[in-house]
Structures are given as structure tokens and as C-alpha cells.
Amino acid sequence: MGKSMKDLMRKALKRSNAEYCEIRIEETEQVSVGFRGKDLDYVSESVDAGGNVRALANGGWGFVSFNKLDDLGRKVEEACSQAKILGDLLKKDIRLHPVDPVEEEVPGAFRAAAFAVPLSKKVDLLAKYNALALSQPEITSTNVRYFDRHTHLHFASSEGTYIRQEKMDLGGAVMAIATKGALTTQESARFGSSTDFGTAVGREEEIIRAAAAARAMLYAPVVKAGEYTVILSPDMAGLFVHEAFGHLSEADSLDEDERMKELLKIGNRYGPDDLDIFDSGIEGGNRGDAKYDDEGVPMQKTYLIKGGVVVGHLHSRESAMKMGEKPTGSARAITYRYPPIVRMRTTCIATGKHTLEEMLKGITLGVYVDGGFGGETNGEMFTFTASRCNMIRSGSIAEPVRDVTLTGNVFTTLRNIDMIGSDFVIRNTSGGCGKGSQGPLPTAEGSPHIRIRKVVIGGEGK
Amino acid sequence: MMREPLELAREAGVDATLTLEESRNVEISFEFNRLRSIQNTESLSYTAQAIRGGKRGVARSTRPGDEQDVLDRAIRLIEYGAPVAYRFPDPSPSRRPAIYSDNLASLSVEKLLEAGNDLSRFIKALHPDVNGIVKVAKVIRRDSIANTKGLDASWEKTVVTLIAAISLVEGQNLVDLWDFHSSTDLDWNLDRIKADLSFKFDLARKNVRVETGSYDVLFTPRAFGDLISPVIACLDGKAVTRGISPFARRIGEQIFSGNLTIVEDGTMDGGVGSRMYDSQGVACRRTPLIEKGVLREYLLDLDTAQKLGRSPTGTGGIAAIEPNNLVVEGGEVSKDDLLRGIRRGIIIENTMGAWAGNPYAGQVSGNIAMGFLVVDGKPVGRIKDCMFSANAFTHLKEHLAALSRETKNMFGTRLPWALVRNVTVAAKND
């Protein structure tokens, strides 16, 4: 199939009369299993097959996506024609950063392929997790979700590149739900991988911990609103760096915005001397890892901050050319229905030197934040909601509190990081990142514990 | 084309439903005040559900002509599938909502470009450094559903969406505003969008301080959507049957303020979410959920209706309950009068992160991404670095002062402005 698809795509590309043209053809098979409470909720399979053509002419992008894969040549002509209509109106000089043409077949390097595991085994595993969660004290219900995807992706460009990649993506969450009177609380054990079904196995202790946390939240008071020194667990610090700095580093929101470009200029200081932030698609096994991005550019590890100073950005070929930097393999599309845009892969705060005990010392009143429901940023402000929190009193982790939501100005908050831990962890879950209309895209985050001063926390009035 | 595989399934003793969604979409994007791209999308998707021996299998495919294969796979999955106690329904008549517009279907790309250009030029004229983002999209969609009981229906829908966003960085101050229009007919009003954005843009560039405390808050329809989202989650029949919704076994009880009426209306004319049948083949209908604060009904599919001994509400999906159009009915007062009645309070225009959290506890907290301080009935400037926190269950019962008579269509919900008292706002100290 690979060879004939390559020939079909190359033949179709000959009908391009644009400056640049590319075709992506994708076929994904997905298995999904869900439990709610004691019941198996669904077992489903899907096949998502389709493709797109993207063309650039005089600064105008044309994009056509489709499910019918016949007559690719006509789709190429349609995208080129759209690009020219736009180009005639724009008359702009948009160029793509040059990359060497590649011809490569990249078979999946899977440690344990999820698609090779019988469906009955997946259903049994999830049933066992569901029963375990339901057997915990005061757990009244569950929401258990699992999916795995197996994708064959073909990419060909008018520059001579042809890449066939085989990818896998899997994720799951076992949510334990506790109810007491009118109050319901919940906490999840989550997992994800791009190479290993084994990550879904052996989650029992985590499920028991999640159930205990949901139960503890039933008896926890709502946090008092105000400004606190906070310590973020590695999970939450990973979410924080994704929301607070990762999105800002995506250069397609900087390349034509002089003010944002100035704020994110190489050399600007946004953190302490020991703050390093990087984004990588090649760490191995994390959700979103791949050899090539959706423009056929090799993924890499990109430092965004080193020693507290901005040193890089995440790029597509277009944004790299506009900003005079190099592409970073960060152009990603959620499916063939969308063009690639600049996205994160695995975004991390690098390991520091402090222990948790050192961070706690000296905090009279603060909040220890662990376990996240999710977060969001608008480029200036970030916010995220935690699922497990404790007050910090006189240097010790004290009673649990609930309904903790944190917010702050991205730049101010980065500057307010005053300690970075030595206990780095990468977090893969079943969730993902949203940007524009493309979400959830598989991503991961990593960090040690971090301590931040002056964080606003929403909760009950004092 | 869907009848033949269904006949074979019926002969094999399988109860089955097959749906097909086909759509054509054109989207024109402007970024940094300039035309950026045209995207054309043609898509189709089959979904098959098969029940035999009290178990259900589900399969999907986007391969053209895959109806037989997708149904075969759903039948094969029955072996592993979820237990169900329902059968797919016999055909019943459904009202055909007015959701297709010839004018919109035939609207040319040039006209879409013209509207986008108009909004983009307007935004550019607001400030020399502003980044204007405009999207204009048109969708023509056809839905078909058939089942082994003889149901065979299809309907078409047109939807146009306009989004106009302003982004301006001044120092470390980001002004981020947007407005939109979505409709099944060609009835956009660009002047209204411009006037609204222009007023807010001027206000958003003037920062004012606010102290941590409890405030009267006027939620715009967009922000009100965040506040009522736990209510919608708890009206979901699956949350009720699992016992995690605090609304379980409370039909007929006054659970909210008498000001609050929420209706699910699947066949509303002009409703972006309207359709003839839900994904299980149940005819869509109008169902009051909360009537003057009294709980009247849940959002139910075949499964949850059967478990609760009630009738399905035409909101059945494949893996979840799918409301069609959720309408919060407006009140008696204009939104301007609601504003005039606030002595010292806040308008929450847009929130950030308020969707995250545990809906079954009712707690809604988020950053006030765009909010304005109101003094003596007038907005005086933007508040920054602060969060709001409210509990949907208690605030909509005890502190919902009034709803505006104007409502806004919000992609499948229609919401008014809402004046809510005693909302906690946490602000930065320095």
C-alpha cells in the first residue's frame, strides 16, 4: 500500500501550479471502552480515513480536506486555485524555511502495540479497574475511559518529500466519584503513551490513591480566596508550564505581532537563574512524540528558557522563516481535517536542586496543589483548577481543602518562581491540548515540584 | 443505500440503527488584519449501533460506501458490548424544523469574503497595533437515520458562523475581546458586532483596581454559560441514574430561583442544534427541564429513560446524552436596566478556565479574562488579575436577582444576561 500511495500522491502533486503544495493521507483505527458506575457503558471501534491538500501561492494558503480519496489530482488543483485567489488579493511574500527533502518509511517502534492486544483483554482490564474503584470506601460511582489509536500517515510535498509514519496513541482515566449528601467529589488515575500498552497495566495503587483523594475532598472545606505562596506538585507544575509559557512560545502567535514578539524576545528574562524550560517530541514514548511533524520536519528538543532567559520558540516552517529562526518540528494537525499549526509536544520544567522539605520551610500559610482538572491561557493570564489540595501551615502540609483554582499573569508568575525541585516527573494522561478548533491534541508535560510566591486563589470569601 | 444492510441485520435478529452525516464546509480566516486562508472540507461519517441479546455494539467509519462494513463491525462488537435494556423505537412522526436556508446555501465565497473583509477593516481601524482575527464559515449538512423498525428520515441544515476577535498588547496588558454570530439563516448584523466590540475595546484599555470581596455580578450570556454548566451536567440522565447528580429523585421540587426556566428544544426553528431525530431514532421535541425554578425533567436517552421509568427527551447520543438546543428563558428587564441597577459590581464578559472542575459539586471558579467594574450603573474600566467563584446550585437558587429579556444564540444554547448577587471575587493584593 505504501508504494502505491506514494505514487498516487506524487502523480497528483504534478498538477500543482502553486509555489508549494503538500498532501497528507491518514487512516486511523480506534478502539474505545467506557464504564460508568457498575455498568459497561460502551465498546466501539472506528475507522477514520481521509486526506487533505495544502497549497501556498503569493502568500495565500488554500486547504481542502476530504474523505473520498479518488481523484487526488483534482483536489490538488482545487487547493492551488484557492491559494491563487487568496494570493492575488494578498500579494504577500510568504516563504517556508527550507528543509532537506526526505524519503522515509517510519514503522512504529512500539514497546507493546495496543492494537495487537485482544479487545476482550482491554475490556477485562478496565472492568477490573472499575470494580476496584467501586470497592473503595464512600465511592459511589465511576467514570472509566480508555482509547487506543493506530494511525498510518502519508505525507508528500512538491519539494520531493515522501514520509510514511506509523503511530500509536493511547490514553485512559479511571475516575472515582464520592458522594455525601448533595456534595460529589471526584479524582482520577490517568495514563497515556505513544508506544506502550504496558502503561495501562498495573494502575491499581494509583486508583486506590485517587479514590482516597476523592473521599478526603468530601470532608474538606472550600479554600479561602486570596493570595498565597503555593507549591505545585510535578503534575500541576507540568500543567502550569504548558498553560503559562508553552502556549506563549508557539511562534505562529508571535511572528506577525510585534508587541508579543518583543515580550518573547530572545534574551528577555522571565524566571530565576535555575529555570530551564524545554519542549520535546523525541523524549520517547510520550503522547505526541514522532519522528516527523505534519510538515515533514524532524521533531527535536527545543529549549525555550535557559537560566531564566528566553532562548527559543516553537516553529513551523512559515513562522521560522518569518522570525529568522529554525523550524523545530512543531507543526501539528489533530487530524487530516485541519492544516498543521504550531503546537507543543512534551513541555517541561527541567530538574532543579531543592527538596520538598526545603520548599515547605519558611511558609507560614500557603497551599500545596496537586492533581489538576485542567487549565487555560489567553497569552497574558493563565488559570487552572486543582483536584487535590492541602493548606500549608508553619512549614508543614496540613488539612485538605477543595475547589482550588489558581490564576495569575504569566510573566509575573514566572518571575515569582523562587524554588525548583529535584524530583522531575513526566505526566501522560488521556487528555490533551486545545488551540483554535483543534483539540484535544496529544501532548505531555514534565516538571519537578516548584514554589511560587503571590498566586491568586479563588474560593470562598474570607 | 442504508436499507439493504439494515434488512440483512433484521433478518439476522439484530435490532440496528444506522446514521450518516455528510457536510460541506467553507471557512475563510483573517489573521493580523489580513486574509489568511480558505479551507474547504467535505466529510461524511457512518455510525452503526446494533443490539442483540441485550447487548450493544457500536462502530463508525468515514470511508465512503462503508455502510455494510460498519454495520457488520457493530454486530461483531455485540459480543463485547455494553448491556442494554432498551430496543430502538418504532418510527414516530417528528416536526421538521426550519433550519435550512436557500439563501445561505447559495451564498458565494465572495460574499463570505466581503463580510470578513468588512469586519477585519473595522478592527484594524480601532488601533494601529491591533491584531484582528476574523473567521467566516458556512456549513451545509445532511443527516440521515434509518433503523430495523422502518425509520427512514433525512434532513438538511445550513449554519453560518462569524467570529470577530481583537487582540492588543500594550506593555504587559493584553486586551482580548471577541464576539460572534451563529445562525441557520442569513441574518447576520455586522453593525451590531462592530458597535459591541468598539464599546468594549475602549473600556478594556482602562484598568481599574478591585478589592477581594463579594459583588453583584452581571454575567454576559457567554459567562452565564459557564455558571449554568454544572446545572446542565446534573440534569444529564446518566448523572441521575448513577446517583451522582444532586437532582436525582427531586422532580417537582423548587431547586432554583423562580426566575430560572430552562428548556430543551430539539425542533426549534432556527436552532443551530435542531434536528428531527436523535442518534437513537427518538423524535426530537420541546421539554421544559426547569420551570420557574421547579425541576420538571432530565435530559434522557432510551437507556436512562427506561431506568427512570420516564420518556426519552430526544437527546440520545451514541456514548453520551446530547442536548440539542438548551434555552434559558429571558426575564422582563432589559440588560441595560439590569446594569443601571448595580451600585458597585462587576460585569463578567468572558472567563478563563471556569469549565474545569467538578460539576457535580456546583462550584464554578475561573479567571475573569475580561471583566469590568461597575459604579453607579456604569462600567468604568477593566478589572485584572482576579478570579470569581460561585456555586451554581446556591447562587442560582438564592442569589439570582434577574435575567435580561434579551437572549443570545450561543452555538446550541440560547442565554440571557444574568444578574447574580454575592459572587466572591479574589483580587491580587499589590
Side-chain angles (χ1 to χ4, degrees), chain A residues 34 36-37 39-50 61-68 82 86 89-90 119-120 123 140-141 177 179 182-186 225-227 256-257 259-260 263 337 373-376 378-381 383-385 403 405 407 409 411 456-461, chain B residues 31-32 34-44 57-64 66 73 77 80-83 129 131 169-170 172-174 176 212-214 238 242-244 246 319 352-353 355-358 360-361 363 365-367 369 385-389 393 424 426-430:
Chain A
R36 283 181 196 262
D39 299 326
L40 174 61
D41 195 28
Y42 61 82
V43 175
S44 71
E45 282 183 4
S46 65
V47 176
D48 194 1
W61 282 108
F63 181 85
V64 176
S65 80
F66 41 84
N67 292 116
K68 293 177 184 165
Q82 279 183 3
L86 280 176
L89 291 167
L90 288 167
L119 179 57
S120 57
V123 175
T140 51
S141 189
I177 299 169
T179 306
L183 178 62
T184 297
T185 58
Q186 58 194 37
E227 196 176 273
E256 294 196 39
D257 191 326
R259 300 290 183 116
M260 286 301 285
L263 278 174
R337 294 183 183 85
F373 283 124
E376 195 176 347
N378 65 0
E380 178 198 27
M381 304 297 293
T383 182
F384 52 77
T385 303
D403 299 334
T405 307
T407 192
N409 178 287
F411 304 104
V456 173
I457 287 183
E460 280 186 344
Chain B
E31 288 176 16
F32 298 102
R34 280 194 293 264
L35 187 56
R36 169 73 182 174
S37 69
I38 300 181
Q39 291 184 30
N40 275 10
T41 306
E42 284 182 21
S43 69
L44 63 84
V58 177
R60 291 187 183 82
S61 175
T62 63
R63 281 196 197 113
D66 220 11
R73 281 191 294 119
L77 285 174
Y80 309 99
D129 295 326
N131 170 16
V169 181
E170 290 183 304
Q172 287 194 2
N173 208 21
L174 174 75
D176 211 351
T212 296
S214 183
K238 287 188 191 280
R242 289 158 66 206
I244 59 174
M352 191 170 57
W355 52 269
N358 169 16
Y360 309 112
Q363 198 64 29
S365 293
N367 182 281
D385 293 348
C386 53
M387 305 198 59
F388 80 101
S389 189
F393 304 150
T424 301
K428 210 162 173 60
N429 293 336
D430 54 9

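What you see is a predicted model, and the numbers here were worked out from it, not measured in a lab.
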Visitor: Let me confirm one number: the CD1-OG1 distance from B:I244 to A:T184, rounded to the nearest 0.5 Å.
Guide: 6.5 Å
Visitor: Would B:R242 and A:S141 satisfy side chain to side chain donor-acceptor pair (under 3.5 Å), going step by step from the backbone distance to the final call?
Guide: CA-CA 7 Å; B:R242 289 158 66 206; A:S141 189; 3.2 Å; yes
Visitor: Give, for atom OG of A:S65 and atom CD of B:E42, the distance between the pair rounded to the nearest 0.5 Å.
Guide: 8.5 Å
Visitor: What is the distance from atom CZ of A:F63 to atom CG of B:N40, rounded to the nearest 0.5 Å?
Guide: 10.0 Å
Visitor: Could you have a look at A:V123, A:D48, A:L89 and say which one has the most heavy-atom pairs with chain B under 4.5 angstrom?
Guide: A:D48
Visitor: Side chain from CB out, backbone as N, CA, C, O: work out which of these in A:S120 comes under 4.5 Å of a heavy atom of chain B, or both, or neither.
Guide: both
Visitor: What's the spacing between B:M352 CE and A:T407 OG1 if we round to 0.5 Å?
Guide: 5.0 Å
Visitor: Output all residues satisfying side chain to side chain contact (heavy atoms under 4.5 Å, CB included) with B:A82, sequence neighbours left out; order by chain, then residue number.
Guide: A:L40
Visitor: Looking at A:L86, A:I177, A:D39, which has the largest count of heavy-atom pairs under 4.5 Å with chain B?
Guide: A:L86
Visitor: Could you check if a side-chain atom of A:L119 sits within less than 4.5 angstrom of a side-chain atom of B:Y80, using non-hydrogen atoms only?
Guide: yes
Visitor: What I'd like to find out is whether the side chain of A:E227 reaches to under 4.5 Å of the side chain of B:D385, using heavy atoms alone.
Guide: no
Visitor: If the condition is salt bridge (charged side-chain N to carboxylate O under 4.0 Å, His left out), which residues does A:D41 pass it with, not counting sequence neighbours?
Guide: A:R36, A:R145, B:K238
Visitor: Is the closest basic N to carboxylate O distance between A:E256 and B:R34 below 4.0 Å?
Guide: yes
